[in-house]
Undergrad: 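Before I ask anything, here is the structure I am working with.
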Amino acid sequence: MPELIEAVQQAVAAGEAPAADVRLALAQSTDTDLLAAAGRALAGLRDPGGELRPVRLLLLADCPAGPFPDLLRAVLVAAGARPEPAEPTERAESAESPAGRFDAGFDAGLAEAGAELVVGLVDERYFLPDRFDLTDPAPLGPHLADRLDRLAGLAEAALAGGTGTLVLHTVPLPRRLRDTVVGLRARGGLTRHWQRLNAGLLDLAEADGRIEVIDLAGLLATAPTAARSGATGWTDAALLLLAQEVRRVAQTRLGLSRRLLALGPEASHWPVELGRCVKRLAEQGIHLVPTDHHTPDPVERVLSERPEVLINAAAFSRRVVNWAPKAGNLRRSAESLGLGADALVFLTESDFERGHVAAELPEVAVVDSGGDPARLVDELLGHGWFDLL
């Protein structure tokens, strides 16, 4: 979409943040080339009006980062954040190897660089020894445990001197390495040690709320084949997946998640699984608002008296059931809950209503509830609009 890149470039050239509709288009894109180009253009972003939330960001990589910095910048701006690069310390810059720069930079990132968000990017080489016996992977277990302990120590040292958030990720065991081990029992042993390593990484977040660990290995297991680890390092699609997950962490920490879900008039006829999904969101504190062009009484009666309706009247924080224009109703609903329109997601199958709201309230995330029922839950949840701490 060249026009989207052009809109980003024009905003940066004008010395202002991209408009809300441009940011929303970036947020909903999965085009790695487009987002990388947008990220490069956004490197010179200024925001004198304070429209975006600043966040001091330090990226530390023990492997080739490829387009990851640009992808991360693009998705953070799309979420309403303005990443400000934290300068690496002299200690990190003077290290001779990538591993040394990673360890030194990570150790000092929060305290000395003043970063609010430190992202560590590694691949399997950070944990594996240079050589190990493919026929007997048993000694690999203690080695992986030692590497995990080293990383945990770096995290503890960083947290001791700073107040930011550390973001790490699990690492998939590359198939090319697993299949190199031809012995079935040895291959099983290698896989078992690797799963313990990833479980240990996830435990770091359990032990300290200032650490977030993205389960990249689990995400890639269900991602399209093109997103999985390539012959040498990460694919661009895998890096985008990781950038999007880091964005979810950042938007949650910065208070940029959405808190209000407005439902179109067809909600009572949704597929059961979508209705259950929305009900679960309400149970976790997401505000629901029905919107319909009816007089209030019939709608109230349907919501209150029909037991087969999964989302009944008690689930709604506000009811906006009248003949007024939808955009105005949505704005008033958000304001009545102390929220802005940028905290709102509008879910409907009506092309007209989606177009109307998108034109009048470009900061509202508009989701189509029509089409294939199997994809509806992913459409609503996959972006992480509603993530909470």
Undergrad: Quick check against the 3.5 Å criterion: does Glu16 have a side-chain atom that pairs as donor or acceptor with the backbone of Ala11?
TA: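 Answer holds: no.
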Undergrad: Determine, step by step, whether Arg280 and Glu273 satisfy the salt bridge (Lys or Arg N to Asp or Glu O under 4.0 Å) criterion, reporting the C-alpha distance in whole Å, the side-chain angles of both residues, the deciding distance to 0.1 Å, and the verdict.
TA: CA-CA 11 Å; Arg280 292 187 193 111; Glu273 188 54 37; 3.6 Å; yes
Undergrad: Show the nearest heavy-atom pair for residues Ala343 and Leu339, with the distance to one decimal.
TA: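 Closest pair (atom of Ala343, atom of Leu339, distance): CB-CB, 4.1 Å.
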Undergrad: Answer yes or no: is there a side-chain heavy-atom contact under 4.5 Å between Val122 and Val171?
TA: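 Counting from C-beta outward, Val122 and Val171 do come under 4.5 Å.
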Undergrad: Counting distance only, does the side-chain N/O of Ser333 pair as donor-acceptor with the main-chain N or O of Asn329 below 3.5 Å?
TA: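 Pair found, side chain donor or acceptor close to backbone of Asn329.
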Undergrad: Do you know the tightest heavy-atom contact between Ala334 and Ala341?
TA: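 In terms of heavy atoms, the two residues are closest at CB-N, 4.4 Å.
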Undergrad: Got more than 12 heavy atoms from elsewhere within 6.0 Å of CD, Glu206?
TA: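 No.
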Undergrad: Provide the closest heavy-atom pair for Glu349 versus Asp368 in the form atom of the first, atom of the second, distance.
TA: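 The answer is CA-OD1, 3.6 Å.
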Undergrad: What I'd like to find out is whether the side chain of Glu212 reaches to under 4.5 Å of the side chain of Arg253, using heavy atoms alone.
TA: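 The answer is yes; the side chains approach within 4.5 Å.
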Undergrad: Could you grab the distance from atom CG of Leu168 to atom CG of Leu202, nearest 0.5 Å is fine?
TA: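 The CG atom of Leu202 is 10.5 Å from CG of Leu168, to the nearest 0.5 Å.
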Undergrad: Check whether His169 reaches the backbone of Leu121 with its side chain - one donor and one acceptor, N or O, closer than 3.5 Å.
TA: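 No; judged by distance alone, with no hydrogens or angles, the pair does not exist.
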Undergrad: Without swapping roles, check the side chain of Arg354 against the backbone of Thr348 for a donor-acceptor pair under 3.5 Å.
TA: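 Yes: the side chain of Arg354 pairs with the backbone of Thr348.
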Undergrad: For residues 180-198, which residue pairs pass the side chain to side chain donor-acceptor pair (under 3.5 Å) check, not counting sequence neighbours?
TA: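 As it turns out, there is no side chain to side chain donor-acceptor pair (under 3.5 Å) pair with a partner in residues 180-198 once direct neighbours are skipped.
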Undergrad: Between the side chains of Glu51 and Arg82, is the shortest nitrogen-to-carboxylate-oxygen separation below 4.0 Å, so that they form an ion pair?
TA: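 Here Arg82 does not pair with Glu51 in a salt bridge, since their nearest N and O are not under 4.0 Å apart.
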Undergrad: Determine whether Thr165 and Ile211 satisfy the following criterion, side-chain contact (heavy atoms from CB on, under 4.5 Å), listing intermediate values before the conclusion.
TA: CA-CA 6 Å; Thr165 299; Ile211 300 175; over 6 Å; no
Undergrad: Please test Thr135 against Asp133 for side-chain hydrogen bond (donor to acceptor under 3.5 Å, both in side chains), starting from the C-alpha separation and ending with a verdict.
TA: CA-CA 5 Å; Thr135 65; Asp133 186 351; 2.6 Å; yes
Undergrad: Are Arg375 and Asp378 ion-paired here, with the side-chain N under 4.0 Å from a carboxylate O?
TA: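 Result for this pair is no, no salt bridge flagged.
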Undergrad: Please set out all donor-acceptor pairs under 3.5 angstrom arising from side-chain atoms of residues 382-389, sequence neighbours excluded.
TA:
{"unit_1": "His383", "atom_1": "ND1", "unit_2": "Ala27", "atom_2": "O", "d": "3.2"}
{"unit_1": "Asp387", "atom_1": "OD1", "unit_2": "Arg248", "atom_2": "NH2", "d": "3.0"}
{"unit_1": "Asp387", "atom_1": "OD2", "unit_2": "Arg248", "atom_2": "NE", "d": "2.7"}
{"unit_1": "Asp387", "atom_1": "OD2", "unit_2": "Arg248", "atom_2": "NH2", "d": "3.2"}

Undergrad: Give, for atom CH2 of Trp234 and atom CG of Leu239, the distance between the pair rounded to the nearest 0.5 Å.
TA: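 CG of Leu239 is found 8.0 Å from CH2 of Trp234.
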Undergrad: With rounding to the nearest 0.5 Å, note down the distance linking CZ in Arg259 to CG in Leu337.
TA: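 Reported value, rounded in 0.5 Å steps: 10.5 Å.
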Undergrad: Side-chain contact, heavy-atom cut-off 4.5 Å: Leu45 with Leu52?
TA: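 Yes, close enough: below the 4.5 Å cut-off.
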Undergrad: Apply salt bridge (Lys or Arg N to Asp or Glu O under 4.0 Å) to the pair Arg176 and Glu124, showing each step before the final yes or no.
TA: CA-CA 12 Å; Arg176 65 184 184 278; Glu124 71 282 356; 2.9 Å; yes
Undergrad: Among Glu245, Gln244, Gln251, whose side-chain hydrogen bond (donor to acceptor under 3.5 Å, both in side chains) with Arg247 holds?
TA: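 Single side-chain hydrogen bond (donor to acceptor under 3.5 Å, both in side chains) partner of Arg247 among Glu245, Gln244, Gln251: Gln251.
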Undergrad: So that I can tick it off, tell me whether Glu156 and Arg210 are bridged by a salt bridge, with the cut-off set at under 4.0 angstrom between side-chain N and carboxylate O.
TA: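 No, Arg210 and Glu156 are not salt-bridged.
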Undergrad: Between Arg147 and Tyr126, is NZ or CZ placed under 6.0 angstrom from the six-membered ring centre and within 45° of the ring axis?
TA: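 Flagged: Arg147 positioned over aromatic ring of Tyr126.
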Undergrad: Has His287 got a side-chain atom pairing as donor or acceptor with Ala282's backbone, closer than 3.5 angstrom?
TA: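 Not a single qualifying donor-acceptor pair exists.
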Undergrad: Taking all atoms of both residues into account, what is the closest heavy-atom pair of Pro18 and Leu42, and its distance?
TA: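 In terms of heavy atoms, the two residues are closest at CG-CD2, 3.9 Å.
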Undergrad: Can you see which heavy atom on Thr170 is nearest to which on Leu216, and at what distance?
TA: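 Smallest heavy-atom distance, with atoms named: OG1-N, 3.0 Å.
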Undergrad: Out of Thr235, Asp70, Leu240, which residue meets the side chain to side chain contact (heavy atoms under 4.5 Å, CB included) rule with Thr32?
TA: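 Going through Thr235, Asp70, Leu240 one by one, the side chain to side chain contact (heavy atoms under 4.5 Å, CB included) with Thr32 is satisfied by Leu240 alone.
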Undergrad: Return the minimal non-hydrogen interatomic distance between Ala250 and Leu117, and the atom names on each side.
TA: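 So the minimum-distance heavy-atom pair works out to CB-CD2, 4.1 Å.
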Undergrad: Is there a side-chain contact (heavy atoms from CB on, under 4.5 Å) between Leu26 and Val75 once you walk through the steps?
TA: CA-CA 7 Å; Leu26 289 175; Val75 298; over 6 Å; no
Undergrad: How long is the span from the CZ atom in Arg23 to the CG atom in Asp342, to the nearest 0.5 Å?
TA: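 Reported value, rounded in 0.5 Å steps: 8.0 Å.
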Undergrad: Within this structure, what is the CG-CG distance for the pair Leu380 and Leu347, rounded to the nearest 0.5 Å?
TA: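 Here the interatomic distance stands at 5.5 Å.
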Undergrad: Quick one: are Val366 and Leu24 in side-chain contact, heavy atoms under 4.5 Å?
TA: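 In short, these two side chains do not touch, never coming nearer than 4.5 Å.
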Undergrad: Would you call Pro83 and Val77 a side-chain contact if the rule is heavy atoms closer than 4.5 Å?
TA: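 Yes, side chains in contact.
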Undergrad: How long is the gap from CG on Leu201 to CG on Asp215, to the nearest 0.5 Å?
TA: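 Interatomic distance, Leu201 CG to Asp215 CG, rounded to 0.5 Å: 9.5 Å.
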